[in-house]
Amino acid sequence: MARKTIKVDYLNRVEGEGAFKVVVRDGAVKSAELRIFEPPRFYEAFLRGRSYMEASDITARICGICPVAYQMSAVHSMEKILGIRLSEPLRELRRLLYCGEWIESHVLHIFMLHAPDFLGYDSAIHMAKDHGDLVKKGLALKKIGNDILNLLGGREIHPINVRVGGFYRTPAKRELAPLAEKLKWARDAALETVRLVAKFDFPDNERDYEFVSLRHPNAYPFNEGRVVSSKGLDIAVEDYDQHFKEIHVEHSTALHSQIVGRGSYFVGPLARYSLNFDKLSPLAQQAAREAGLGKTCNNPFRSITVRAVEVVYACDEALRVIADYAEPDKPYIAAEPRAGIGCAATEAPRGLIYHHYELTADGSIKSARIVPPTAQNQSTIENDLTSFVAGWLDLPDTELQHRCEQAIRNYDPCISCSTHFLHLDMDRG
Amino acid sequence: MAGKKPRLAVWKFASCDGCQLSLLDCEDELLAVSGAIDIAYFPEATRGEISGRYDVSLVEGSVTTAHDAKRIKDVRARSRVLITIGACATAGGIQALRNFADVKDYICAVYAHPDYIDTLATSTPISDHVKVDFELRGCPINKKQLVELVSAFIARRRPVVPPHSVCIECKLKGNVCVMVAQGTPCLGPVTHAGCGALCPSYNRGCYGCFGPMETPNTKALSGELARHGMDAKALKRVYGTFNVNAEAFREEMKRHGS
């Protein structure tokens, strides 16, 4: 078979619209393209002229799966410009909110989008016919993530309670108590999930990635920390633009990110885990060891196990926050708008998400730039296809195509997000 | 309809995926729903091909490309009942802000190679292109309303989705009025119900994500908002969000500056 093209025109079980094409010539992979054809929505353009108070509500709409990630990067950027320092309880509540999103998003991916690949079904709904209890457990676990978002955010999709300086309303300690009861069950269910997915049959595909994530001296990262990599990068978020750049390629409405001088890199659970294993709770570390994971993991097919370990961590961390919670004096720290430039990076379920804003004196947004995780992973996904497909060429066509789809789903790509960004660092010759 | 389950399809146009995610967020109802209906096309959740006709199509997202303007006609032709879910499909979404700007400027602000980008100058609701049988409001939709709607169409009865304002929901909930009691500007008096008066329940004014209610008096509300300190720029912004292209909000936005 000298010529071969593997093509899928509409990727399923991913969020958003994408396709891919791998071209093989004389037994070698010639090219691999992940095409993103989400119609552009131009968020960075229409954010100009909006109020600094609107950025979190507006950018949440970039993605219905991980709105909290957008809200967090937006409000932390604004708080840097305004010089707001959050009180400890507000900081903790933001961690709790992120725990809810990680649980909801990771469990959705593990059970509904990814597990059917390993168990041989077209969807979780089909899978439910033979594995009803498994799907029910996944749905129950996911719901507890959503319960956190509902209580703290007002609703699970596009929460309404996040504001610059804190929250519109903070919960009383007794409101959080029923959540703790549910989270204890969730933590056990998450541990069982790790054991379950660790038994899946993983292809032996590893690559030498440059992992990038936040790292904080005393916590597994959500909202704070320096940007570090497995190849020695260690920078303040403010220096992000000196080390990363985005490129606009023809086959995609999403921009591709690169580390200056080195090329593609990897963000998301595998990167976070491999750079922050020592910051996981003891229980999450133990679950990882029992699942056969080392302190780092370079096989993207095992990302389902790493996601499950992060769900254990998120349940554990949510329980810690609730146990330690002391009600704040006020729900938010107020500050007057002022002109300035601010940026922030936080850890979306799918990896690092970077926002950069410039405000005028009245708090209107002069420029906005948003770099979502899937855009950053796009080159790495294409390189995975190029590298892995060479070893799979003996597989029958349908199986080969399915394996390629899986290689993409390893990243839990959120294609809705990936297209919504923007970039002003223009290459106009 | 004994014997054969109704076929459901979920279609995506320009959107954030949040409204279709609401279906997967029905953790307690999803397996019951999938027992009663055949989820025949739902690419976000399942591998499967477009084929034949569907009894109910749920459409998320707005029309922003020439390709999508054609595609929605095919979706309509395949569907007995077509329901739009959410502000993008029902009103054009926040991406309809381009309708009041120069789309070339938008493209250049975001992309290094504007020539790679293929887009229309407008973002329009599904009803501008084909007949729509029901429009479910919200950014995002309320999943309980979605379950009600799908159940109603399967049973061929009218869905119970009240068209009154968010104010009524606040009263039903026993909320203290944030505008009267705290002086917080609120779009509740002109906004379509469905969220359960979420923002006022969190000490914040409604920001209109369910779009205009039936016959809203936006002009009177704007006067009240101005008395609460909102200038023309702020008034223009407050109507110009997720339902900016819904007629009542669009016209009121335009009254406060182009």
Side-chain angles (χ1 to χ4, degrees), chain A residues 10-17 38-42 44-46 48 50-51 54 57-58 61-65 67 108 112-113 122-126 128 132 135-136 139-140 142-143 146 154-158 160-161 163 168-169 247-250 253 255 331 416 421-424 426-428, chain B residues 12-22 24-25 27-28 30-31 34 39 42-48 61 64-65 67-68 93-95 97-98 101 103 105-113 116-119 123 139-140 142-143 195 198-199 201-204 207 209 233-234 237 241-242:
Chain A
Y10 198 120
L11 274 169
N12 302 127
R13 271 189 281 126
V14 300
E15 294 109 4
E17 293 183 275
E38 278 277 323
R41 290 183 291 157
F42 306 113
E44 289 149 318
F46 61 66
R48 296 171 304 174
R50 307 298 305 205
S51 161
E54 294 181 292
D57 291 326
I58 290 177
R61 268 67 181 188
I62 292 174
C63 178
I65 329 290
L108 173 75
M112 313 289 287
L113 311 182
D122 280 347
S123 76
I125 295 157
H126 297 99
V135 174
K136 277 183 202 149
L139 288 168
K142 176 168 163 298
K143 191 176 178 205
N146 277 336
R155 62 185 170 200
E156 55 268 69
I157 301 169
H158 306 331
I160 51 88
N161 192 28
R163 67 158 280 167
Y168 286 93
R169 175 187 176 278
I247 299 166
H248 185 192
V249 298
E250 188 162 8
T253 50
L255 304 173
S416 307
F421 22 126
L422 23 118
H423 192 233
L424 281 161
M426 296 205 176
D427 165 17
R428 284 191 176 132
Chain B
K12 175 183 158 65
F13 290 78
S15 66
C16 77
D17 285 57
C19 290
Q20 54 175 314
L21 178 67
S22 301
L24 298 178
D25 274 349
E27 291 98 354
D28 296 332
L30 186 65
L31 293 180
S34 66
I39 300 181
F42 187 6
E44 181 165 308
T46 175
R47 299 174 94 216
T64 61
T65 64
H67 175 253
D68 277 354
I94 192 160
Q95 59 270 24
L97 282 168
R98 79 177 70 177
V103 77
D105 164 61
Y106 273 27
I107 296 171
C108 291
V110 178
Y111 293 102
H113 296 286
Y116 295 171
I117 300 298
D118 179 21
T119 187
S123 167
C139 181
N142 177 325
K143 67 182 183 187
C195 65
L198 213 47
C199 287
S201 307
Y202 279 74
N203 296 332
R204 131 172 232 201
Y207 62 90
C209 68
K233 196 173 176 184
R237 279 173 182 159
T241 63
F242 316 102

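When reading the values below, keep in mind they use all heavy atoms of this one structure, side chains included, and skip hydrogens, waters and symmetry mates. Per chain, numbering begins at 1; letters A, B, ... match sequence-line order.
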Determine the minimum heavy-atom distance between [X] and [Y], stating which atoms define it.
| X | Y | answer |
| --- | --- | --- |
| R155(A) | C209(B) | NH2-SG, 3.3 Å |
| F46(A) | Y106(B) | CB-OH, 3.2 Å |
| D28(B) | K143(A) | OD2-NZ, 2.7 Å |

Against chain A, label [X] side chain, backbone, both or neither, depending on which of its atoms sit under 4.5 Å from a heavy atom there.
| X | answer |
| --- | --- |
| S22(B) | both |
| R98(B) | side chain |
| I94(B) | both |
| C19(B) | neither |
| N142(B) | neither |

What's the spacing between [X] [atom1] and [Y] [atom2] if we round to 0.5 Å?
| X | Y | atom1 | atom2 | result |
| --- | --- | --- | --- | --- |
| T119(B) | R41(A) | OG1 | CZ | 11.5 Å |
| L24(B) | M112(A) | CG | CE | 4.5 Å |
| C16(B) | H158(A) | SG | NE2 | 3.5 Å |
| L21(B) | I157(A) | CG | CD1 | 4.5 Å |
| I65(A) | Q20(B) | CD1 | CD | 7.5 Å |
| D25(B) | L139(A) | CG | CG | 10.0 Å |

Could you have a look at K143(B), H67(B), R237(B) and say which one has the most heavy-atom pairs with chain A under 4.5 angstrom?
->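 Of the options given, most contacts go to R237(B).
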Under 4.5 Å, counting heavy-atom pairs only, tell me which of C139(B), C199(B), S201(B) racks up the most with chain A.
->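 Answer, by heavy-atom pair count under 4.5 Å with chain A: C139(B).
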Could you list the residues that satisfy salt bridge (charged side-chain N to carboxylate O under 4.0 Å, His left out) with R50(A), not counting sequence neighbours?
->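 Only E54(A) meet the salt bridge (charged side-chain N to carboxylate O under 4.0 Å, His left out) criterion with R50(A).
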Would you check, one step at a time, whether the test side-chain contact (heavy atoms from CB on, under 4.5 Å) holds for T241(B) with R61(A)?
-> CA-CA 11 Å; T241(B) 63; R61(A) 268 67 181 188; over 6 Å; no
Okay, side chain of R204(B), backbone of I160(A): is any donor-acceptor separation there less than 3.5 Å?
->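 Present.
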What's the verdict on side-chain contact (heavy atoms from CB on, under 4.5 Å) for K233(B) and S51(A), showing C-alpha distance, side-chain angles and the deciding distance?
-> CA-CA 10 Å; K233(B) 196 173 176 184; S51(A) 161; over 6 Å; no
Mind checking whether P39(A) and D68(B) have side chains closer than 4.5 Å, heavy atoms only?
->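 The answer is yes; the side chains approach within 4.5 Å.
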With a 4.5 Å heavy-atom cut-off, do L97(B) and F42(A) have their side chains touching?
->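 No, their side chains stay 4.5 Å or more apart.
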Side chain from CB out, backbone as N, CA, C, O: work out which of these in I125(A) comes under 4.5 Å of a heavy atom of chain B, or both, or neither.
->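 Just the side chain, heavy atoms under 4.5 Å.
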K136(A): what forms a side chain to side chain donor-acceptor pair (under 3.5 Å) with it, not counting sequence neighbours?
->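 K136(A): no side chain to side chain donor-acceptor pair (under 3.5 Å) contacts found.
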